[in-house]
Peer 1: 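Below is the structure I would like to discuss, written out as structure tokens.
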Amino acid sequence: MTTTAQKNRQDSSTQAPRRSMLTAAFVRTVTTPGKYCDQHGLILRVRPSGSRQWIWRGTVRGRRVDLGLGG
């Protein structure tokens with residue numbers, strides 16, 4: 001008899017790996033305001049005015065920090 005954890009492990013091994021949605025083409029063309037994340041803490045924030053901001057969200061000394069990247 002398989003447990004739920006074993007079943008979930010089996011199901012996840014047959015799925016294709018998730019890809020980051022922050023490809024160069026996506027970043028160039030995105031115009032809808034919102035936050036777009038990859039799997040490593042990098043966030044692209046698009047504002048209603050169309051401006052874009054890169055943010056890295058991570059942990060420093062046990063505390064969550066958001067670091068703005070660039071200008």
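The chain is numbered in sequence order, starting from 1. Just the heavy atoms: all of them, side chains too, but no hydrogens, waters or symmetry mates, feed the values below.
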Peer 1: Is the closest side-chain heavy-atom distance between Val27 and Leu44 below 4.5 Å?
Peer 2: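 Answer yes - side chains close enough.
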Peer 1: Once you round to the nearest 0.5 Å, how far does OG1 of Thr23 lie from CG of Asp38?
Peer 2: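 Answer for the OG1-CG pair, Thr23 versus Asp38, is 11.5 Å.
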Peer 1: Give me the atom names and distance for the closest heavy-atom approach of Pro48 to Pro33.
Peer 2: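 So the two residues come closest at CA-CG, 3.7 Å.
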Peer 1: Taking all non-hydrogen atoms of both residues, which atom of Leu22 and which atom of Leu42 are closest, and how far apart?
Peer 2: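 Taking Leu22 first and Leu42 second, the nearest heavy atoms are CD1-O, 3.8 Å.
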Peer 1: Considering residues at least two apart in sequence or located in another chain, which fulfil the side-chain contact (heavy atoms from CB on, under 4.5 Å) criterion with Ala24?
Peer 2: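 For Ala24 the side-chain contact (heavy atoms from CB on, under 4.5 Å) partners, ignoring immediate neighbours, are Arg28.
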Peer 1: Could you tell me whether the side chain of Arg52 and the main chain of Thr31 form a donor-acceptor pair under 3.5 Å?
Peer 2: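 No, Arg52 side chain to Thr31 backbone: no donor-acceptor pair under 3.5 Å.
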Peer 1: Leu67 and Val60: same hydrophobic cluster, using ILVMFWY side-chain contacts below 4.5 Å?
Peer 2: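 Yes.
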Peer 1: How would you list, by chain and number, every residue that makes a side-chain contact (heavy atoms from CB on, under 4.5 Å) with Arg63, sequence neighbours excluded?
Peer 2: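 Once residues adjacent in sequence are excluded, Arg63 has no partner under the side-chain contact (heavy atoms from CB on, under 4.5 Å) criterion.
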Peer 1: Excluding sequence neighbours, so at least two apart, what forms side-chain hydrogen bond (donor to acceptor under 3.5 Å, both in side chains) with Arg57?
Peer 2: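 In terms of side-chain hydrogen bond (donor to acceptor under 3.5 Å, both in side chains), with neighbours along the sequence ignored, Arg57 is linked to Asp66.
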Peer 1: In chain order, what residues pass the side-chain contact (heavy atoms from CB on, under 4.5 Å) check against Arg47, with sequence neighbours excluded?
Peer 2: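 Partners of Arg47 by the side-chain contact (heavy atoms from CB on, under 4.5 Å) criterion, ordered by chain and then number, come out as Arg45, Ser49, Ser51, Gln53.
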Peer 1: Which pairs pass ring-ring contact (aromatic ring centres under 6.0 Å, His included) with one or both residues in residues 22-70, sequence neighbours excluded?
Peer 2: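 For residues 22-70: Phe26-Tyr36.
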